[in-house]
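Beneath this line is the structure, given in structure tokens, with notes to follow.
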Amino acid sequence: MNAVVIGAGMIGTVHASAVRAVGGTLRGVVASTPARSARLAQEWDAVVTYPDLDSVLDDPAVDVVHVCTPNALHPAQAAAALRAGKHVICEKPMATGVADARMLEATVAACDRVLAIPFVYRYHPLVREIQARVEQGEFGAWQLIHGSYLQDWMLSAQSTNWRVDADRGGRSRAFADIGSHWCDLVEWAAGIRFAEVTARLAVTRPERPVREAQTFGPVGTQVRAPAAPVSTEDVAAVLLRTADGVLGSVTVSQVSAGRKNRLWFELDGADGSAVFDQEQPESIWLGGPKSSRIVVRDPAVGSPEQRRLAVLPAGHAQGYADCFRAFVGDAYAAMAGEHVIGLPTAADGVRSAQLVDAVLRADDTLTWTPIAPELTEELAA
Ligand code: SOE
């Protein structure tokens, strides 16, 4: 695959490495200005120097565009790439509103292209193991689903990022950025759909410096820039409920000291429970009423998908970069017409936009709020 990465922040570099790791060609990179694009094309050793997205879309040799720009730019850029006949890997959130997310889903269908979204935590081998055990009915009917996604990179009042600005990042920050991962992962692994949500969002720093670039640095990173009022949340407390009445809860924070990227969930069923911790992804805890155990990643045992994604022997730790590589590999396989399991696509992007939208509406109204009214009716029928 000939790939171009649009947007050269922290996540753009992760995409570029994954392109090469799966045997793709990094044909180009487009950053915020033609000069910056030219410098990065050289630094990243890209094949072609493109001044802007239009020149990428005019190049018939480009197969896939990786959209890694600020959230508000995703719909127009991804739609333009699809209409130019390119496949797309679009960073999450795919859109900052449901209407744009649906527009993209329709554009994918009309252009007969693949759009994949990096909900990459689905690619931890042991998440696949839990998902396979769910499918085999090991845990029984769900009793409760709970967890959290905690980071601390926005703890300092000086920490900032384009996501702080609702015009560029969307009205929701922490929930759209990381709560979206938790919901995607849990719904996919547990095989459920939440139907309703109620939520409280909070801003812990009323002002932060205004700044273009991403600051994903140590806590307390000092940024010298004028301060502006903050409207996007740092923390979220969210209650969820399926149409069958199964309750869920998730706590989301980007200001929890010492927590770097702690996505944690527990699925409690009538016959057993399962726990996954993204920062300790080499083992899962499986709880039973009489005894509990820890299962470790091992390419020699377990579900077919766990073994497929376990590319290193047991005890040789895999992590986030391996998930990203596996995701890009599967996305490219789907673009080549192959059947792959569990690839997050435009439909998942719409689902995620609906969840974010429902959380914002629930916080506005302080009521139980339907996530997707048509889905609620379908599940109840
Ligand atoms: C920043 O919060 C971030 O990089 C997210 O944007 C990613 O999606 C998440 O995987 C890690 O944290």
Side-chain angles (χ1 to χ4, degrees), residues 5-18 66-74 89-96 116-124 127 147-156 159-166 168-170 172-186 188 201 204-205 208 211-219 221 230 232-236 250-265 276-281 318-328 331 344 348-349 351-353 355-356:
V5 174
I6 309 288
M10 168 273 205
I11 205 67
T13 63
V14 173
H15 281 249
S17 326
H66 291 239
V67 178
C68 304
T69 48
N71 303 340
L73 300 174
H74 294 174
I89 294 189
C90 183
E91 261 304 329
K92 32 64 49 184
M94 183 169 88
T96 56
I117 308 201
F119 283 125
V120 292
Y121 300 114
R122 290 189 192 187
Y123 286 82
H124 278 295
V127 166
S148 53
Y149 194 161
L150 310 175
Q151 300 179 330
D152 72 359
W153 61 290
M154 294 298 286
L155 181 59
S156 158
S159 293
T160 194
N161 180 277
W162 54 259
R163 288 186 175 88
V164 173
D165 175 3
R168 282 183 287 173
S172 165
R173 174 161 36 97
F175 187 79
D177 188 30
I178 57 175
S180 60
H181 273 296
W182 189 92
C183 291
D184 175 79
L185 192 63
V186 159
W188 183 72
L201 310 180
T204 62
R205 302 289 187 182
R208 289 186 186 272
R211 198 186 183 214
E212 294 291 317
Q214 170 136 340
T215 309
F216 198 114
V219 175
T221 303
V230 173
T232 54
E233 82 281 0
D234 298 297
V235 294
V250 59
T251 305
V252 174
S253 164
Q254 294 185 316
V255 292
S256 293
R259 298 299 187 190
K260 301 302 174 189
N261 201 31
R262 191 175 188 270
L263 186 171
W264 185 96
F265 69 73
F276 174 74
D277 177 356
Q278 196 288 137
E279 290 185 336
Q280 308 291 334
Q318 285 186 215
Y320 179 78
D322 300 285
C323 292
F324 221 97
R325 183 202 54 74
F327 158 75
V328 172
D348 301 292
R351 172 69 184 160
S352 189
L355 270 155
V356 172

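Note that ligands are numbered from 1 as they come in the structure, with each ligand's atoms numbered from 1 the same way. What you see is a predicted model, and the numbers here were worked out from it, not measured in a lab.
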Pair D234 + R205: basic N to acidic O under 4.0 Å
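Salt bridge between D234 and R205, a charged N being under 4.0 Å from a carboxylate O: no.
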Taking only heavy atoms of [X], which atoms of ligand 1 are found under 4.0 Å from at least one of them?
X	value
M10	4 (O)
W153	1 (C), 2 (O)
K92	5 (C), 6 (O), 7 (C), 8 (O)
Q254	2 (O)
Y149	9 (C), 10 (O), 11 (C)

To check you understand the geometry: which heavy-atom pair defines the closest contact between L201 and A236, and what is its length?
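Smallest heavy-atom distance, with atoms named: CD2-CB, 3.4 Å.
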Does ligand 1 have a heavy atom under 4.0 Å from the side chain of R163, from its backbone, from both, or from neither?
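Only the side chain of R163 comes within reach of ligand 1.
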Which part of N261 is near ligand 1, with near meaning a heavy atom under 4.0 Å away: side chain, backbone, both or neither?
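Just the side chain.
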Parallel, tilted or perpendicular, as decided by the 30° and 60° cut-offs, for the rings of F119 and H181
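The arrangement is perpendicular - the two ring planes meet at more than 60°.
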Describe, in one word, how the ring planes of F276 and F265 are oriented to each other, choosing from parallel (under 30°), tilted (30 to 60°) and perpendicular (over 60°).
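Correct class here is tilted.
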Just jot down the side chain to side chain donor-acceptor pair (under 3.5 Å) partners of Y121, sequence neighbours excluded, or say none.
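Result, side chain to side chain donor-acceptor pair (under 3.5 Å) vs Y121: Y149, N261.
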Close approach of E91 to ligand 1, heavy atoms, under 4.0 angstrom
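The answer is no: ligand 1 sits nowhere under 4.0 Å from a heavy atom of E91.
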Among Y320, Y121, F119, which residue places a heavy atom closest to atom 10 (O) of ligand 1?
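Of the listed residues, Y121 has the closest heavy atom.
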Report the distance from atom CD of E279 to atom CG of L263, rounding to the nearest 0.5 Å.
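That separation rounds to 9.0 Å.
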Partners meeting side chain to side chain contact (heavy atoms under 4.5 Å, CB included) with D165 (sequence neighbours left out):
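Side chain to side chain contact (heavy atoms under 4.5 Å, CB included) list for D165, sorted by chain: D167, R168.
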Could you say whether the N/O atoms of H181 and ligand 1 ever approach to under 3.5 Å?
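The answer is yes, given that H181 and ligand 1 share an N or O pair closer than 3.5 Å.
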